[in-house]
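Predicted model, so just to flag it, every value in this text is computed and none were measured. Here is how names work: the chains are called A, B, and so on, in the same order as the sequence lines, proteins then strands, and each is numbered from 1. Hydrogens, waters and symmetry mates are skipped; everything else that's a heavy atom, side chains included, is used.
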Number of protein chains: 2
Amino acid sequence: MSRLLGQMMQTPLTISSLIVHAARHAGDTEIVSKRAEGDLHRYTYRDAELRSRKVAQALARLGCEPGDRVGTLAWNGYRHFELYYGTSGSELVCHTINPRLFPEQITWIVNDAQDRVLCFDITFLPLVEKLAPHLPGVKHFVLMTDRAHMPAQSPIAGLLCYEEIVEAEDGQYAWPEFDENTASSICYTSGTTGNPKGAVYSHRSTVLHAFCAALPDSLGCSARDTILPVVPMFHVNAWGLPYACPLVGAKLVFPGPHLDGKSLFELFESEQVTFSAGVPTVWLGLLTHVQKNGLKFSTFKRTVIGGSACPPAMMDALEKDFGVEVIHAWGMTEMSPLGTVARLNSRNRHADPETRRRLHLKQGRAVYGVDMMVLDDKQQPLPWDGTTSGNLVVRGPWVIDAYFQQPESPLIEVEGRKWFPTGDVAAIDADGFMQITDRSKDVIKSGGEWISSIDIENIAMAHPAVHEAAAIACRHPKWDERPLLIVVPKPGASVTREELLTFFEGRIAKWQVPDDVIFVTELPHTATGKLLKLKLRDQFKDHLMAAG
Amino acid sequence: MSRLLGQMMQTPLTISSLIVHAARHAGDTEIVSKRAEGDLHRYTYRDAELRSRKVAQALARLGCEPGDRVGTLAWNGYRHFELYYGTSGSELVCHTINPRLFPEQITWIVNDAQDRVLCFDITFLPLVEKLAPHLPGVKHFVLMTDRAHMPAQSPIAGLLCYEEIVEAEDGQYAWPEFDENTASSICYTSGTTGNPKGAVYSHRSTVLHAFCAALPDSLGCSARDTILPVVPMFHVNAWGLPYACPLVGAKLVFPGPHLDGKSLFELFESEQVTFSAGVPTVWLGLLTHVQKNGLKFSTFKRTVIGGSACPPAMMDALEKDFGVEVIHAWGMTEMSPLGTVARLNSRNRHADPETRRRLHLKQGRAVYGVDMMVLDDKQQPLPWDGTTSGNLVVRGPWVIDAYFQQPESPLIEVEGRKWFPTGDVAAIDADGFMQITDRSKDVIKSGGEWISSIDIENIAMAHPAVHEAAAIACRHPKWDERPLLIVVPKPGASVTREELLTFFEGRIAKWQVPDDVIFVTELPHTATGKLLKLKLRDQFKDHLMAAG
């Protein structure tokens, strides 16, 4: 008998279908934005969908054609949201740019992506005015504001006003249907080595990821929620929330440029936010503000924390003192970003509080769609015993297959399938809870055993005299590599090499204790604040050879 | 610039990916089944995935090839679950058959689907022995039991034992990857007119539907849940739960053949079920049992009720007396089945209890993926005002495009898109809450205005002397159609035509009151218990002409 096809409607998973669904089935639900201009703006999904159609019309009028990239340098706000839909929905590619990168990186990224139009908030006008001469491919610069906030003059010839070009359109635009594998958006990684590389998302990957993000064991998004993404829309599409919220019809609150504790708390309270998402630094600011002022959240119940590991003390304070459930999640730009979420399952939901806390502090279980393994250096799968660490690899429909315009594939083949090497070192337990122990390039390989540089750093940071610490691998004649600790002492504090090495006793296996300590006045960082250990390794890799 | 494709991994949405995910990431999570043989069986997702691979091997050994249909006549249990995955996962088509149909309908369906293998629980051995001679296309009959429960002899030549053929395999089988639009399963509608028609689901539609079913505003499935689908696996794939549960890694409990209140209550308690799903009749039995015996549920917190509207009294009792949240859902075989779920949104979550109750009693809001409209008789869209009723049409990736082997399309074209006419009459309010008011073929069109036959029946049923009631359209010389009420009185009760008609006063608009009442001793029903109004219309359509 011949193969049989299903007889279901063929409706492509396009990004426009998300906003159309929200406009039709949650049309009166609000989107509230703190604007870069300073005031509060509110409208509905119905309004947003109409304005997104006008954005599509305006970009077409500027000469944009399917496949063209439109860059954005913008905070979380409704205009940025309209650009997400107006670009992708009309078969353009939304290229969100991280304004915190160094100016020369931004220039490089805009030119690599060949952005045809660049849209930006008024905050970034001085920056863009400086960069514009170096962006020959950008045909139109659009300031995301109204006529009243346009500068009297600008070195950018023909600077366009977003509100003017959008409101000049009539909205008589039908979202096109096309192949769901079409590119929808590009996000560049801010790697610690080499130039940034672009991840090119598709409509299909974005919609599937939005489904996954909204699930009860993922971010758990509902029409009953009011969701405030603190994580920036220029940072892996705000973890997918601008897509997941219309999918479920949740009320959206965009915080604009001010992410300090006071501004966030006031917005959480005035808009009755139930759920948020962001990196640990943001929650530290918010927590400090509410603690210092004796405040309580009246509606805020859950937050997703990702980007880097949530410090246990922060998780405890949010949960015990403020009743805010902390959902630990892990992902990467190359993964759209969602990979794992630390949610309990039916086997451990009744575990004792200490076990539950330990599980919640891990990066979590893989969501459906994502598969993962840990591999040894010979690319053999390692057991899921919670202790054996290896290189973490992943695969799934929202994991990249290639980087934009990079001919060499980042994937490796294991057991007949392609996997993306995350560059993380992790252990997975029998229940599937993954815990990252290090970055692959940072792990210290001593006599065939792996030592986590992060473990060493965390212990060093717990010493009262240490402001910042980095552990790196040094070449060693007998063990191949041995750990070296590099420390920035706290201002005014004094500590010796011997005191620090003694501090490790009982806190880590003896053979994992660093061989030496070097004191410095500062450590090198990337533009986004990550430690640049590569630079330290270049500088100190022969330190133990010399010492030995 | 040329069109740009996304650069994400191409991993098809196959049904096997669901069970593989569960085996890898929720491997120790249990599947517990009450067997047709009477005892309780428990194993894990890891076991289920291995056994599904053996099922795939066994079916291939029986000569099944991609596209072949495998019929099942079975209760909710782990072997049925393995067949779901063993068939679809190996590119066969799982054809679940409703054993409650008339034997001649089952014969017709098996032959129409050209089932090559028929697998059935021991409950259905007598039935299948009777039907076998009329099923020439079925090459193998497989009794879903072990050797000990096989009959000593059977009129079915070469009757196979499921456990024997499955355990003869070694499980060394790799799930194939193929086009996600491949047919995965078939389910026949039990229409009230003509022969049953088959809906052919695809892998893609099934996985997307599972995503949707698991969302917080749909059924809300989580790894922390223990889920007992009472809705049969032969009834639109148990509303997708056998797919959604592995997707999220929820513990599954299958109730087998005994769906009486006592059996269900004991299983709910012993397995700590948190969530269930079924038709109102089942909950009536369960509710009666717990009320009569003064019992309380210790873990049961939520249930989805669909199939037909949940009586308000049942919803109140479950919610107020037993703390069980009732989630009203609506769908069809042709929709996989999920269309709408009655979940509040952020605009009405704080509404007064009476408003919330009224919304919860509607069929609900469309889930993402499904779009809907109400149309007038000229196929023009009607307003969403909560009162204007029209023909309900739907579209989406898990809505059928055609019926199996039926050349004529069931779809209609409105505003340039294809829509599936549900055959229901409904009103949609401004918040997108849909409420079904009648079946299209049952609505009574009086002078251009529509009268709901269901409204009339509900009022009649509220009269203490009425056991069952049907309202049908009769031809009328002036108004085209006028309502006629047909009533089965309660045994021993007596009521007159005039008393009944008076009973409608104040309960319905005067012009909607039936023109006449006919008393009968019974009403005709389909095999699945639906009123056969078509037969009544044939019999009584000229009643008012004659009377007039």
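Contact annotation for L18(B): both backbone and side-chain heavy atoms come within less than 4.5 Å of a heavy atom of chain A. The parts of T226(A) that come within reach of chain B are both its backbone and its side chain, each placing non-hydrogen atoms under 4.5 angstrom from that chain. For E180(B), the part lying under 4.5 angstrom from a heavy atom of chain A is the side chain only. Within the 4.5 angstrom heavy-atom criterion, no atom of Q406(A) approaches chain B. The part of S336(B) that comes within reach of chain A is its side chain, from C-beta onward, which places non-hydrogen atoms under 4.5 angstrom from that chain. Residue contact with chain B, scored on non-hydrogen atoms closer than 4.5 Å, involves the backbone and the side chain of F420(A) alike. In this structure, no portion of P246(B) lies under 4.5 Å from any heavy atom of chain A. If you measure heavy-atom distances from R417(A) to chain B, the contacts under 4.5 Å come from the side chain alone. Only the side chain of V207(A) has a heavy atom closer than 4.5 Å to any heavy atom of chain B. The part of C221(A) that comes within reach of chain B is its backbone (N, CA, C, O), which places non-hydrogen atoms under 4.5 angstrom from that chain. Heavy atoms closer than 4.5 Å to chain B are found in the backbone of Y403(A), but not in its side chain.
In terms of heavy-atom pairs under 4.5 angstrom with chain B, the leader among A183(A), A26(A), S205(A), G416(A) is A183(A). Each of S17(B), G369(B), S185(B) has some count of heavy-atom pairs under 4.5 Å with chain A, and the biggest count is that of S17(B). For the options V200(B), V370(B), L411(B), heavy-atom pairs under 4.5 Å to chain A are most numerous at V200(B). Chosen from E334(A), R204(A), Q272(A), R395(A), the residue pairing most often with chain B at heavy-atom distances under 4.5 Å is R204(A). Comparing G396(B), G220(B), G249(B), C64(B) by how many heavy-atom pairs each has under 4.5 Å with chain A, the most go to G396(B). Counting heavy-atom pairs closer than 4.5 Å to chain B, the top-ranked of the candidates P216(A), S218(A), G432(A) is P216(A).
Note that the OG atom of S202(A) and the CE atom of M9(B) stand 13.0 Å from one another [nearest 0.5 Å]. Between the CD1 atom in I400(B) and the CD atom in Q7(A) there is a gap of 8.0 Å [rounded to 0.5 Å].
You'll find the side chain of M8(A) stays beyond 4.5 Å of the side chain of V399(B), heavy atoms only. Looking only at side-chain heavy atoms (C-beta outward), N345(B) and K251(A) stay at 4.5 Å or farther from each other. At least one side-chain heavy atom of T274(A) sits under 4.5 Å from a side-chain heavy atom of R349(B). When side chains are defined from C-beta on, L5(B) counts as touching D179(A), because their heavy atoms get closer than 4.5 Å. Proximity of L4(B) to V93(A): side-chain heavy atoms (C-beta onward) are separated by under 4.5 Å at one or more points. Inter-residue side-chain proximity for L208(A) and L13(B) is flagged as met; some heavy-atom pair is nearer than 4.5 Å. Between T29(A) and S346(B) there is a side-chain heavy-atom pair separated by less than 4.5 Å. Within the 4.5 Å cutoff, the side chain of V248(B) has no heavy atoms near those of the V367(A) side chain.
Of the N and O atoms on the side chains of H25(A) and D371(B), at least one donor lies less than 3.5 Å from an acceptor on the other residue.
Using cut-offs of 30° and 60° for the angle between ring planes, the Y368(A) and F211(B) rings count as perpendicular.
The backbone N or O of M372(A) sits less than 3.5 Å from a side-chain atom of R24(B), completing a donor-acceptor pair. Between the side chain of R224(A) and the backbone N or O of R347(B) there is no donor-acceptor pair closer than 3.5 Å.
Closest heavy-atom contact between R365(A) and A223(B): NH2-CB, 3.2 Å. A pairwise comparison of heavy atoms in D28(A) and A430(B) identifies OD2-O, 4.4 Å as the closest pair.
A search for salt bridge (Lys or Arg N to Asp or Glu O under 4.0 Å) contacts involving E415(B) returns nothing, not counting sequence neighbours.
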